[in-house]
Amino acid sequence: MKILEFTRRAVLATGLAGLALASPAMAQTPPGVLIVGQIAEPKALDPAAVTAVNDFRILMNVYDGLVRYSDGTLEVEPALATGWEISEDGTEYTFNLREGVKFHDGSDFNAEAVKFNFDRMLDENHPFHDTGPFPLAFFFSAVDSVEVVDPLTVKFTLSAPYAPFLSNLAYPTGLIVSPAAVESHGADFGRNPSGTGPFKFAEWRSNEAVVIEANPDYWDGAPSLEAVVFRPITDANTRTAEMLAGGIDMMVEVPPVALSEFEGEQYNVVEQAGPHVWFLILNTKEGPFTDVRVRQAANLAINKTSLVNDVLEGTAEVAAGPTPPAFAWAYNESLEPYPYNPERAKELIDEAGAEGAELTFYVTEGGSGMLDPIAMGTAIQADLEAVGFDVNIETYEWNTFLGQVNPGLEGKADMAEMAWMTNDPDTLPYLALRTDAWPEQGGFNSGYYSNEKVDDLLEQARVATDQDKRAELYQEMQTIVQEDAPWVFVANWKQNAVTSDRVENFSLQPSFFLLLKDVVKN
């Protein structure tokens, strides 16, 4: 394909230009082809099989869901569904589907395709359930059945009212894949994706680039770009150097220390607040953090204000609990962050008999929303050692790191860095703080936290149809979790990106996804 040859040459040329930093002239990437510096190689391009925002930023341009977040918000609007009706008891959602839409492989989008997608995730007896695992199938655990009413009408029946249902459908886990492509490629579908989105998958060259090209027949209008090239550049300093050299047109998650390098007219720095929390998972199942006093001591020992102001250059705020303040309606404003109080931390450690405890601390080189993880990990290590811990850092590349952390810390580590960007106040605590979300049950509660009251509050909140009632339940949950301290609550970040002045019509979304359909590259 002509565009593939074009982008191959572009990647090669800009990659070499990125090495020639002493050259007085910046590299010139091709017009109409946007080259994006990503923080890591994607794990897969199957939206049901991945969990990282790094992957989602590609997928949101290749696939559509039944609904999507409207521009600049987390409010839901129609996409592949033109509208929907909800039963009075909140357990039936009937969607009217868009007519005439085709997947990139030429097969038809219809109600059967929608049913295939959700049955594949949720039904263990589905013939293509083994193309998983599907780690965020939790999002749709309330779905009892998906029924084809007619070719352009599909009905979801839920086991109980589920307040986040529409929001979760707009999340990447709800993106609709081509059943024909899954049937053709099986477990390799994640390397051969087919959706209905504004861009079609063209090529994936491992550790080099994922290339997507414009879909001229897109139901919502053809994109302005000819193609997008996503380059995995794991080292933040290298990513910065590539941006300065002109080897990439856009860089997400700019290191705070590098922001000042992009103040010239040839760059545009974009910022957007969103629901983000950066925290440390503590192993509550074994080791010193089984004692709540030691967990509270860790929260008191770490100088989070210094992390935010000095390491992150003021691009974040100190976190006060597990819920980001961007969810204003559900956020507990009465909570105050743990103060920096190393003397009190030492007292609690002495009371618990944990003086001199050895801690294994997992740190990542980079990753979605991880900010400046090595510098932050080093500062955290110093603060914990100052109150008497002996901290050993083990550092991993992002996907390797997830492979270590997501299955649980038992037998491996006492603590691990983590960051989540979420779409609803239900998502993070439900997937990472419930007892039933321990890793062996398919969740992300990698530190094995368990509190029956928290479990009950989260179950009540997701079936409550009144938002004020949901808010009360989430706020009570936040109070308990902050006191129990299963995590060290560190920071809430304001996301950023930088583009060259050749890029127009780009904005960041509170969802943290990259939506590139309307972007122009001169």
Side-chain angles (χ1 to χ4, degrees), residues 3 6-7 10-15 17-18 26-42 52-62 71-72 197-199 202 208-214 223-256 258-272 274 315 366-371 421 493-522:
I3 192 68
F6 190 52
T7 52
V11 170
L12 178 60
T14 55
M26 289 180 60
Q28 284 292 304
T29 57
V33 178
L34 184 74
I35 302 183
V36 181
Q38 287 268 86
I39 55 96
E41 176 92 337
V53 169
N54 182 68
D55 300 10
F56 294 162
R57 286 174 174 142
I58 302 175
L59 299 176
M60 294 299 287
N61 296 285
V62 175
D71 186 37
F199 293 90
E208 185 182 343
V210 171
V211 181
I212 59 177
E213 61 183 4
S224 300
L225 294 165
E226 295 178 58
V228 183
V229 179
F230 295 91
R231 290 184 53 201
I233 308 172
T234 57
D235 179 71
N237 292 328
T238 304
R239 218 162 46 246
T240 299
E242 286 270 23
M243 189 71 210
L244 291 167
I248 56 179
D249 306 305
M250 177 184 296
M251 173 182 174
V252 293
E253 302 189 24
V254 184
L259 280 170
S260 62
E261 299 190 57
F262 299 107
E263 293 177 348
E265 293 183 359
Q266 67 268 46
Y267 303 107
N268 297 310
V269 175
V270 186
E271 293 184 328
Q272 167 70 54
T315 58
S368 304
M370 293 305 301
L371 310 184
M421 292 88 93
W493 171 60
K494 181 186 290 185
Q495 63 172 319
N496 60 38
V498 62
T499 73
S500 78
D501 60 0
R502 301 171 64 199
V503 177
E504 300 176 4
N505 294 347
F506 172 71
S507 60
L508 286 169
Q509 300 292 325
S511 62
F512 292 91
F513 307 142
L514 291 182
L515 304 182
L516 303 175
K517 172 184 171 290
D518 296 323
V519 170
V520 175
K521 160 80 177 302
N522 299 314

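Atoms considered below: every heavy atom in the structure, side chains included; atoms not considered: hydrogens, waters and symmetry mates. Remember, it's a predicted structure, so these values are computed and weren't measured experimentally.
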Quick one: does [X]'s side chain get under 4.5 Å of [Y]'s, heavy atoms only?
X: Val269; Y: Val254; result: no
X: Arg57; Y: Pro42; result: no
X: Met421; Y: Gln495; result: no
X: Thr29; Y: Arg502; result: yes
X: Met370; Y: Ile39; result: no

Q: Kindly write out the residues that satisfy side chain to side chain donor-acceptor pair (under 3.5 Å) with Glu504, not counting sequence neighbours, or none if the list is empty.
A: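 By the side chain to side chain donor-acceptor pair (under 3.5 Å) rule, Glu504 matches Asn522.
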Can you list everything that forms a side chain to side chain contact (heavy atoms under 4.5 Å, CB included) with [X]? Sequence neighbours excluded, please.
X: Asp235; answer: Asn237, Thr238
X: Ser224; answer: Val520
X: Pro256; answer: Leu312, Glu313, Thr315

For [Y], does its backbone N or O pair with a side-chain atom of [X] as donor and acceptor, under 3.5 Å?
X: Glu253; Y: Gly369; answer: yes
X: Gln38; Y: Asn54; answer: yes
X: Asn61; Y: Phe199; answer: no

Q) Which pairs pass salt bridge (Lys or Arg N to Asp or Glu O under 4.0 Å) with one or both residues in residues 511-522, sequence neighbours excluded? A)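 Qualifying pairs, neighbours excluded: Asp249-Lys521.
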Q.
With side chain to side chain contact (heavy atoms under 4.5 Å, CB included) as the criterion, how do Val503 and Asn268 come out once you've worked through the C-alpha distance, each side chain's angles and the decisive distance to 0.1 Å?
A. CA-CA 9 Å; Val503 177; Asn268 297 310; 5.8 Å; no
As an exercise, state the distance from [atom1] of [X] to [atom2] of [Y], rounded to the nearest 0.5 Å.
X: Ile233; Y: Ile248; atom1: CD1; atom2: CD1; result: 4.5 Å
X: Glu271; Y: Trp493; atom1: CD; atom2: CH2; result: 9.5 Å
X: Asn505; Y: Leu515; atom1: CG; atom2: CG; result: 13.0 Å
X: Ile35; Y: Glu242; atom1: CD1; atom2: CD; result: 9.5 Å
X: Phe262; Y: Asn496; atom1: CZ; atom2: CG; result: 10.0 Å

For residues 506-514, dump all side-chain donor-acceptor pairs below 3.5 Å to protein atoms at least two apart in sequence or in another chain.
unit_1, atom_1, unit_2, atom_2, d
Gln509, OE1, Gly72, N, 2.8
Gln509, NE2, Asp71, OD1, 2.7
Ser511, OG, Phe513, N, 3.4

(Q) Pair Leu34, Met250 - check side chain to side chain contact (heavy atoms under 4.5 Å, CB included), show working. (A) CA-CA 8 Å; Leu34 184 74; Met250 177 184 296; 3.9 Å; yes
Q: Could you go through the side chain to side chain contact (heavy atoms under 4.5 Å, CB included) check for Val519 and Thr499 one step at a time?
A: CA-CA 11 Å; Val519 170; Thr499 73; over 6 Å; no
